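Below is one structure, written out as structure tokens; comments come after it.
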Amino acid sequence: MESIDLFSSLWAYLQSYDFIALLLKLIFILIIGPGLVPIMVWLERRGSAMIQGRMGPNRVGPLGLLQALADVLKFFAKEPFVPGTANKFYYNLAPIIAAVAPLAAFAAIPFGGTVLFDGYETNLQLSNLNIGILAALAFAGLEVYPIMLAGWASNNKYAVLGALRGASQMISYEIAMGLALIAMFLIYGTVDMNQMVAWQGESLFGILPRWGLFVNPLAAMIFLIGIFAETNRMPFDLPEGDAELVAGYHVEYGSTKFAMFFFAEYVAMSMAAALFVTLFLGGYGLLPGMEALAQYLAQVFQLEALGLHNLKTFLGVGSFLMKLCFMLFFYIWVRWTVPRFRFDQLMNLGWRILLPIGLVNLVFTAIAIYFIGSSL
Amino acid sequence: MVDPLILILGIIVASLAVSMALSSSPITSALSLVGLMVALGAIYGVIGAHFVAALQVLVYAGAIMVLFIFSIMLLNMNESVPEVDFRNAKTWLTGALAGGAFYALFQGFKHFESFEGRPSVGEFTLERIKELGGNLEAVSGLLFSKYFFQFEVVSLLILVAIMAALTLAKRKVD
């Protein structure tokens with residue numbers, strides 16, 4: 001009897017808007033997380049070629065667009081090789097954690113406002129927890145394990161060196177990033193990312209949008225430098241520094257497992273970019289000029305208040321994606337512009353420059369908020 | 001009736017704890033502890049304590065255990081520690097003592113629950129937390145009002161601990 005009840009309630013749940021909304025959001029996350037990877041790889045190749053005055057891949061498909069697909073095929077067709085001296089279990093576990101952790105962090109990031117449909121309202125965010133950004137940070141913090149595990153389990157000195165570098169730089173920069181974040185929490189007065197976006201929706205001095213970037217540029221700078229170090233991107237890609245370490249922590253990985261590391265790196269990049277966009281670039285708040293566009297479209301299509309709300313949400317998702325794509329292009333731009341740091345320079349920057357700046361910035365932010373309040 | 005999700009997570013936590021204690025390789029022990037922290041965080045999440053769950057993963061799994069594994073890797077502790085000898089009477093005696101202590105503890109909890117009709121649920125029920133605006137608000141509200149002095153004392157203690165570690169690690173200047 002009980003089992004029938006369970007099934008019927010499960011069936012009712014499957015037909016409810018809750019479930020459909022959840023499913024659609026899940027698909028969307030899977031599109032902007034992993035789905036962006038092939039586009040990013042293409043952009044990276046063509047972008048680097050553009051910056052260096054080369055052609056880039058242009059044989060597979062129009063503009064070389066299918067190159068990423070060809071790469072994936074190549075990875076999957078190769079022999080899955082495990083070095084004889086490696087610790088098999090951890091060697092295989094590392095790429096799995098690498099792929100899962102940034103995807104889980106994505107679940108907590110809102111990518112749009114609310115959708116109203118048939119009296120049903122839903123947030124465009126997979127899990128709307130009241131701890132907000134802390135959930136994303138908790139999962140992002142687990143990204144250091146695959147690097148350490150891969151390096152250690154490969155039983156290769158280059159891999160271990162890469163893993164040690166990766167772990168130490170990720171821990172070091174997390175501190176400065178945390179200080180920048182605390183300053184932003186003080187300003188926003190919340191850790192809920194939806195409320196942060198709402199706060200940033202106003203305008204500053206009547207001309208600029210009140211984005212975190214303009215309110216506290218120092219915190220934005222520290223956080224931006226931090227995410228480059230956290231995602232092991234140029235100029236901080238020392239864990240993989242190919243001139244010294246061949247390929248760093250994943251030197252012993254091939255075929256599908258290497259592809260998973262590769263994939264995880266790009267998902268982690270989009271996740272960090274999405275965090276930056278939400279914290280400092282107004283998240284899914286409309287880009288300047290989009291408000292007018294929404295009003296104009298509403299007039300053209302004669303939308304009611306409900307339709308206008310949904311249209312604005314749609315444009316908000318568009319704004320979020322545009323900001324995200326700009327950030328992703330920014331990664332590529334920096335990578336092919338700035339040369340790699342030396343490891344001692346990296347540690348100096350993290351501990352002797354960013355950490356003190358972050359502390360001073362935090363104190364000044366607190367004092368400023370005490371005197372002028374949040375009336376900014 | 002226990003939530004089946006909590007039951008599954010509980011089994012995972014227990015088996016990871018056993019693997020942590022019995023494993024002969026230091027890195028397996030440390031990684032079991034990481035998995036244990038994450039699964040414990042999941043249990044906190046299931047019962048609605050999201051803030052504690054996030055802190056559990058962020059602080060224990062994301063920071064403290066990284067340092068553990070970092071030092072294991074750095075010192076290259078590959079030699080395995082002696083395995084637990086199940087034929088030794090001492091092992092069984094220790095196990096029985098620890099088990100008895102835990103049994104007494106659980107009985108104590110059960111006793112406490114019915115002690116003078118005191119409710120087993122404290123002031124902060126799920127409704128009360130919702131009223132306050134969430135877990136984070138409830139915890140920080142207490143931390144910066146009722147427990148402010150204790151909070152500051154703890155931060156001072158941590159500072160003292162850092163200074164002690166620095167003094168110990170400092171190289172002697174000739």
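Since the model is a prediction, treat every value here as computed from it, not as a measurement.
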Any chance you could measure W152(A), atom CH2, to I27(B), atom CD1, to the nearest 0.5 Å?
-> 4.5 Å
Would you indicate whether F343(A), at its atom CZ, is surrounded by more than 12 heavy atoms from other residues, nucleotides or ligands within a distance under 6.0 Å?
-> yes
At a heavy-atom separation under 4.5 Å, does L55(B) approach chain A through its side chain, its backbone, both, or neither?
-> neither
Trace of the side-chain contact (heavy atoms from CB on, under 4.5 Å) decision for L93(A) with L31(B) | CA-CA 11 Å; L93(A) 186 66; L31(B) 282 170; 5.7 Å; no
What part of V59(B) is in contact with chain A, defined as an atom under 4.5 angstrom from a non-hydrogen atom: side chain, backbone, both or neither?
-> neither
What side-chain donor-acceptor pairs closer than 3.5 Å can you find for residues 132-150 of chain A, not counting sequence neighbours?
residue : atom : partner : partner atom : Å
Y145(A) : OH   : A61(B)  : O            : 2.3
Y145(A) : OH   : V66(B)  : N            : 3.4

Is the closest side-chain heavy-atom distance between F89(A) and T28(B) below 4.5 Å?
-> no
Would you mind listing every ring-ring contact (aromatic ring centres under 6.0 Å, His included) that reaches into residues 165-191 of chain A, with sequence neighbours excluded?
-> Y173(A)-F236(A), Y188(A)-W199(A)
Would you indicate whether Y158(A), at its atom OH, is surrounded by more than 12 heavy atoms from other residues, nucleotides or ligands within a distance under 6.0 Å?
-> no
In terms of heavy-atom proximity below 4.5 Å to chain B, should L164(A) be classed as side chain, backbone, both, or neither?
-> both
Take atom NZ of K157(A) as the centre, draw a 6.0 Å sphere, and report whether it contains more than 12 heavy atoms from other residues, nucleotides or ligands.
-> no
